[in-house]
> 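The structure follows.
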Amino acid sequence: MTVQHLPPTTTAADIAAALDVDGCVVVDELAGATIDQVRDELAPFLETTPFGPDSFSGRHTRRTGGLIARSPAARQLVMHPLVLEAARTHLAESTNIQLHLTQLIAIGPDEPAQTVHRDQWAFDFFPFPSGYAVQCNTLWAMTDFTALNGATRVIPGSQWFEDKQRFEEGDTVPAEMTRGSVLFYTGALYHGGGANRSLSVPAEVARTLDDDLLRLMGYARGAYALGYVDDLRDPLAVLRGENAGMGFTARVDA
Ligand SMILES: O=C(O)CCC(=O)C(=O)O
Ligand SMILES: [Fe+2]
């Protein structure tokens, strides 16, 4: 079970074909520099957005809406010709299509995985006939999506499953993708936001801190058998890239 990736030179027909089979597909690095503009334009709004009010929205997650008004660059993503053509092809049974909502989602450290769901349940849980596409969603990666930092979890092919099913994280796979890539998925696909298990201080920030502070933060062995990395290596040495050749490769890259 994996998520198909298509190159940015792909066609709407290929995206729609992948959606028919898997219910989801990633187009790699389609956004180009627009993603930086969107990030810059939305940064002040994201900062003042409160955390979610419930576990579905995510109590460690910020959801900034109204992107059409708040970010001119986001309009380019919404109006991307390939995206629109793919959506129209996927939703061919409808006379017209309309934008449902826009959101910048920032899943914070320690956020657990979101309940696996279908986005078309937004329509009051109306039981649409199997195979009838009502939504074509796009999730643009503002940062790399990794299994560790909360990449969206999907069940490829699940658009054909029975409605109102419950799934666990273990039934899903992460839609990993690089920044600027976009995940398309149909409204019937079972999916959910991933748990963000990355550290609250990313490694690139940690590397700028003093050893004493890092040791206090946990980059230290707590006791003989507590807190070492792989072959009894000191966590601070691993962060600093020392002893890198010893034992198997450990990565502290979150
Ligand atoms: O955050 C994500 O990756 C997905 C969020 C989602 O599926 C939703 O809020 O409906
Ligand atoms: Fe969703």
Side-chain angles (χ1 to χ4, degrees), residues 1-3 5 19 22-28 30-31 35 38-39 42 45-46 49-67 74 77-78 83 87 90-91 99-126 128 133-159 161 163-198 254:
M1 203 167 62
T2 53
V3 181
H5 283 243
L19 285 174
D22 291 341
C24 58
V25 62
V26 169
V27 178
D28 289 321
L30 189 63
I35 214 75
V38 175
R39 182 200 52 208
L42 291 176
F45 296 101
L46 181 63
T49 303
F51 288 124
D54 51 47
S55 63
F56 190 81
S57 286
R59 295 181 202 280
H60 302 275
T61 293
R62 293 188 163 92
R63 289 167 185 264
T64 305
L67 305 191
L77 300 185
V78 170
V83 172
H90 182 57
L91 302 169
L99 183 63
H100 180 199
L101 58 80
T102 56
Q103 248 180 25
L104 172 66
I105 304 174
I107 301 180
D110 286 341
E111 181 69 68
Q114 188 185 36
T115 304
V116 174
H117 62 278
R118 286 180 152 160
D119 277 354
Q120 67 188 33
W121 288 346
F123 301 103
D124 275 344
F125 296 89
F126 183 80
F128 293 103
V134 288
Q135 271 181 315
C136 182
N137 305 290
T138 51
L139 265 173
W140 296 84
M142 302 292 299
T143 59
D144 288 349
F145 274 36
T146 68
L148 190 71
N149 76 5
T152 310
R153 311 286 313 193
V154 296
I155 309 180
S158 62
Q159 74 274 24
F161 291 5
D163 206 30
K164 301 191 181 157
Q165 302 288 299
R166 289 276 159 225
F167 294 99
E168 304 301 324
E169 200 181 347
D171 302 319
T172 65
V173 291
E176 294 193 299
M177 54 180 170
T178 53
R179 184 158 175 274
S181 303
V182 55
L183 168 70
F184 286 81
Y185 63 98
T186 190
L189 188 85
Y190 282 99
H191 71 283
N196 185 348
R197 300 190 176 91
S198 64

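Each residue takes its place number in the sequence, starting with 1. Every heavy atom of this structure was used, including side-chain atoms; hydrogens, water molecules and symmetry mates were not. Remember, it's 1-based here, ligands and their atoms both numbered in the order they're listed.
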> Does any part of the side chain of His191, heavy atoms only, come nearer than 4.5 Å to the side chain of His117, both counted from C-beta?
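They are in contact (side-chain heavy atoms under 4.5 Å apart), so the answer is yes.
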
> Over 60° means perpendicular and under 30° means parallel, so classify the ring planes of Tyr190 and Phe161, tilted if in between.
tilted

> Are there any protein N/O/S atoms under 2.8 Å from the Fe ion (ligand 2), and if so, which?
His117 NE2, Asp119 OD1, His191 NE2

> Just wondering, do Arg166 and Val116 contact through their side chains at under 4.5 Å, heavy atoms?
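The answer is no; the side chains never approach within 4.5 Å.
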
> For residues Met177 and Asp144, determine if any side-chain heavy atom of one lies less than 4.5 Å from a side-chain heavy atom of the other.
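Result no, sub-4.5 Å side-chain heavy-atom pair not found.
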
> Can you tell if the side chain of Trp140 reaches within under 4.5 Å of the side chain of Val83, non-hydrogen atoms only?
yes

> Going by heavy atoms in the side chains, are Ile155 and Phe167 under 4.5 Å from each other?
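In contact.
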
> Can you confirm whether Val154 sits close enough to Thr172 that some side-chain heavy atom of one is under 4.5 Å from a side-chain heavy atom of the other?
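No, their side chains stay 4.5 Å or more apart.
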
> List of N/O pairs, ligand 1 versus protein, all under 3.5 Å?
from     : atom 1 : to     : atom 2 : distance (Å)
ligand 1 : 3 (O)  : Thr152 : OG1    : 2.6
ligand 1 : 7 (O)  : Gln114 : OE1    : 3.4
ligand 1 : 7 (O)  : His117 : NE2    : 3.2
ligand 1 : 7 (O)  : His191 : NE2    : 2.9
ligand 1 : 9 (O)  : Arg63  : NH1    : 3.0
ligand 1 : 9 (O)  : Arg63  : NH2    : 3.2
ligand 1 : 9 (O)  : Gln114 : NE2    : 3.2
ligand 1 : 10 (O) : His117 : NE2    : 3.0
ligand 1 : 10 (O) : Asp119 : OD1    : 3.1

> Is the shortest side-chain heavy-atom distance between Tyr185 and Asp119 below 4.5 Å?
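Yes; the side chains approach each other to less than 4.5 Å.
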
> Closer than 4.0 angstrom, basic N to acidic O: yes or no for Arg59 and Asp54?
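Looking at Asp54 together with Arg59, the answer is no, because their closest N to O distance does not fall below 4.0 Å.
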
